[in-house]
Amino acid sequence: MSSPTDIVRVPVLEVFSSFQGEGPRVGERQVFVRLAKCDLRCAFCDTPESYPTPDTARIQVSAPHGPEERPANPMAVDDIIEACRRLDDPPGLHAAVTITGGEPLLHPQALYALAVGARALGLRVHVETGGHRPGALRHVLAVVDEVSPDLKLASATGQRTPWDAHAETYAMLEDAGKALAIKAVIGADTPVAEVVEAARFAAEHAPSAPFILQPATPFGEGPARPTLSHLFHLHDAAGRLHHDVRVIPQVHVFLGMR
Ligand code: SF4
């Protein structure tokens, strides 16, 4: 029998139903579990509200405009799973639970429990990560179905690219057959040489995964969206080194969704 001290808790920003707006599964109906906290500060970040832990989580009861609940943080993982179950009505309406952030791999124990619970609902488990925490990823890899790690280009993030951590992350996912896509946000000032290096790196460490160039969505002080001609230059250059390079913007932004 479990005691209150056995209950796994994690800070949550929100749980909601939406359409996947990034990467190869764009358009798929998914339940999103956005965990709080991030150890990076990307210049293009569109979820800075995830950095601190909010006092309460925002839990959607039904989509698209249903009422919300505001339970206190940190939430028990069992309650998060119950929120996912309630949203997935009728069962199977959603294809997957996407666990995102912030950086979800800051909470490996809770992420493990969340993934097990989501799978028990019959939903695929997809994790979005900055791709810089391979130790935590190793802890949860067996219970997640697919992972979309970023390739953090310095020109877009304003921070050093964590090449070593990316290499370890991608190789682990490639070996497990769980690399859904490698995503690099590109801005108006992203140099061709940087994308060439990134495409070569992605092809070397995760050859089975598509390499996604995601034009920056202008946000705050972040990078501007690349022009169309720059986008073509970047794609041409990356395509010489990687067999599957795609340009996919953040589709949910066009629909005015989270
Ligand atoms: S990893 Fe994600 S949540 Fe963290 S700062 Fe970068 S874009 Fe924002």
Side-chain angles (χ1 to χ4, degrees), residues 10-16 18 20-23 25-26 30 32-54 57-58 73-74 97-108 110-111 114 126-137 140 144 146-170 173 179-190 194-195 198 201-202 206 209 211-226 248-253 257-258:
V10 65
V12 176
L13 207 64
E14 54 188 352
V15 177
F16 61 98
S18 191
Q20 175 56 255
E22 296 185 356
R25 300 231 188 259
V26 71
Q30 299 182 349
F32 289 80
V33 176
R34 187 184 305 285
L35 304 183
K37 296 199 178 299
C38 188
D39 52 343
L40 299 182
R41 291 294 181 267
C42 306
F44 54 75
C45 183
D46 58 359
T47 50
E49 69 275 19
S50 66
Y51 302 163
T53 297
R58 203 165 57 225
N73 267 320
V97 171
T98 285
I99 306 173
T100 186
E103 174 49 62
L105 287 173
L106 288 173
H107 317 281
L111 181 44
L114 269 172
H126 171 222
V127 174
E128 297 178 338
T129 169
H132 60 293
R133 302 191 68 85
L137 178 62
V140 303
V144 307
E146 58 196 27
V147 179
S148 301
D150 288 348
L151 200 165
K152 297 289 190 188
L153 299 181
S155 65
T157 63
Q159 301 183 324
R160 191 184 62 82
T161 301
W163 294 109
D164 290 348
H166 279 344
E168 192 177 341
T169 297
Y170 300 173
L173 291 173
L180 179 64
I182 307 294
K183 180 192 81 186
V185 174
I186 51 173
D189 297 326
T190 295
E194 189 183 27
V195 168
F201 185 85
F211 182 45
I212 310 289
L213 300 178
Q214 181 175 293
T217 301
F219 189 86
E221 304 287 302
R225 181 179 289 137
I248 305 180
Q250 287 185 302
V251 172
H252 54 290
V253 173
M257 299 187 315
R258 282 185 274 183

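Indexing begins at 1, ligand by ligand and atom by atom, following the structure's order.
- Atoms of ligand 1 found under 4.0 Å from any heavy atom of Thr47, numbered from 1 in the order shown, are 3 (S).
- Partner of Gln20 under the side chain to side chain donor-acceptor pair (under 3.5 Å) criterion, out of His252, Gln30, Arg25: Gln30 alone.
- Ring-plane geometry between Tyr170 and His166 is classed as parallel, the angle between the planes falling under 30 degrees on a 0 to 90 degree scale with a further cut at 60.
- One side chain, His132 or Asp39, offers a donor N or O that lies under 3.5 Å from an acceptor on the other.
- Of all the heavy atoms of Tyr51, the ones lying under 4.0 Å from any atom of ligand 1 belong exclusively to the side chain.
- The existence of a salt bridge linking Glu103 and Arg133 is excluded, since no basic side-chain nitrogen approaches an acidic carboxylate oxygen closer than 4.0 Å.
- Listed by first then second residue, pairs satisfying side chain to side chain donor-acceptor pair (under 3.5 Å) with a partner in residues 41-51 read Asp46-Gln250, not counting sequence neighbours.
- Not counting sequence neighbours, the partners of Ala167 by the side-chain contact (heavy atoms from CB on, under 4.5 Å) test are Phe201, His205.
- Legend: salt bridge (charged side-chain N to carboxylate O under 4.0 Å, His left out) pairs involving residues 154-165, not counting sequence neighbours: none detected.
- Listing protein N, O or S atoms at distances below 2.8 Å from atom 6 (Fe) of ligand 1, with waters left out, gives Cys42 SG.
- The closest non-hydrogen atom to atom 3 (S) of ligand 1, taken over Ala36, Gly102, Ala43, comes from Gly102.
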